[in-house]
Amino acid sequence: PVRGPGAFIQARVCRSRPKSTGETDALAVSEALPFLEYELARQLMLKLKVLGRNAAFSLKSEVDVGSQLIIATATATALFCDAMPPPRVLQI
């Protein structure tokens, strides 16, 4: 069971892309992806805490590699699920 209405939640991360070509370009992009995904998940969890929700459903993650930027976007529906532990209080 869930409590309250769902809320649209979106996290975005942008990183500049080094100027390189060929195999070195592919290597640079592949080395940047794990850090990009980690930062995206961290932002999504932080936004869940800010909203007071503890679950994300219909999660969609997208990574776009452009000529100058690498952009990662994650969208989901945030809900408060009674069966899961409540989110910790956010301290600033």
Side-chain angles (χ1 to χ4, degrees):
V2 294
R3 192 177 341 149
F8 177 77
I9 188 169
Q10 185 175 48
R12 293 176 296 273
V13 178
C14 298
R15 295 286 180 261
S16 62
R17 194 169 155 195
K19 294 198 186 255
S20 52
T21 57
E23 189 175 327
T24 56
D25 185 40
L27 186 62
V29 170
S30 67
E31 286 177 351
L33 284 178
F35 300 103
L36 200 73
E37 290 287 335
Y38 173 77
E39 182 66 25
L40 189 66
R42 195 177 73 75
Q43 268 193 31
L44 196 67
M45 293 303 293
L46 185 63
K47 288 187 177 192
L48 279 171
K49 283 183 187 179
V50 167
L51 290 174
R53 307 297 206 282
N54 62 357
F57 293 95
S58 299
L59 178 66
K60 180 183 174 191
S61 179
E62 185 177 320
V63 177
D64 295 319
V65 180
S67 61
Q68 295 179 351
L69 284 176
I70 304 172
I71 302 170
T73 308
T75 58
T77 302
L79 292 168
F80 185 86
C81 187
D82 290 327
M84 296 177 64
R88 292 191 326 227
V89 177
L90 186 64
Q91 295 179 351
I92 298 176

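One is the number of the first residue; the rest follow in order along the sequence.
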With a cut-off of 3.5 Å and sequence neighbours excluded, list every side-chain donor-acceptor pair involving residues 63-74.
none

Anything under 3.5 Å between a donor and an acceptor, one on a side chain of residues 44-60, the other on a protein residue two or more places apart or in another chain? List them.
unit_1 : atom_1 : unit_2 : atom_2 : d
Lys47  : NZ     : Gln10  : O      : 2.7
Arg53  : NH1    : Leu51  : O      : 3.0
Arg53  : NH2    : Pro5   : O      : 3.0
Asn54  : OD1    : Cys81  : N      : 2.7
Asn54  : ND2    : Cys81  : O      : 3.0
Asn54  : ND2    : Met84  : O      : 3.3
Asn54  : ND2    : Pro85  : O      : 3.1

Under 3.5 Å, which donor-acceptor pairs do the side chains of residues 24-36 form with other protein atoms, sequence neighbours left out?
unit_1 : atom_1 : unit_2 : atom_2 : d
Thr24  : OG1    : Thr21  : O      : 2.8
Asp25  : OD1    : Arg17  : NE     : 3.3
Asp25  : OD1    : Arg17  : NH2    : 3.0
Asp25  : OD2    : Arg17  : NH2    : 2.3
Ser30  : OG     : Ala26  : O      : 3.2
Ser30  : OG     : Leu27  : O      : 3.0

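Judged as a side-chain hydrogen bond (donor to acceptor under 3.5 Å, both in side chains), and not counting sequence neighbours, the contacts of Arg3 are Asp82. Arg12 meets the salt bridge (Lys or Arg N to Asp or Glu O under 4.0 Å) test with no other residue; sequence neighbours excluded. Legend: residues meeting side-chain hydrogen bond (donor to acceptor under 3.5 Å, both in side chains) with Glu37, ordered by chain and number and at least two apart, are absent. Take Arg15 and apply the side-chain hydrogen bond (donor to acceptor under 3.5 Å, both in side chains) test, not counting sequence neighbours, and it matches no residue.
When hydrophobic residues (I, L, V, M, F, W, Y) are linked wherever their side-chain heavy atoms come within less than 4.5 Å, Tyr38 remains an isolated member.
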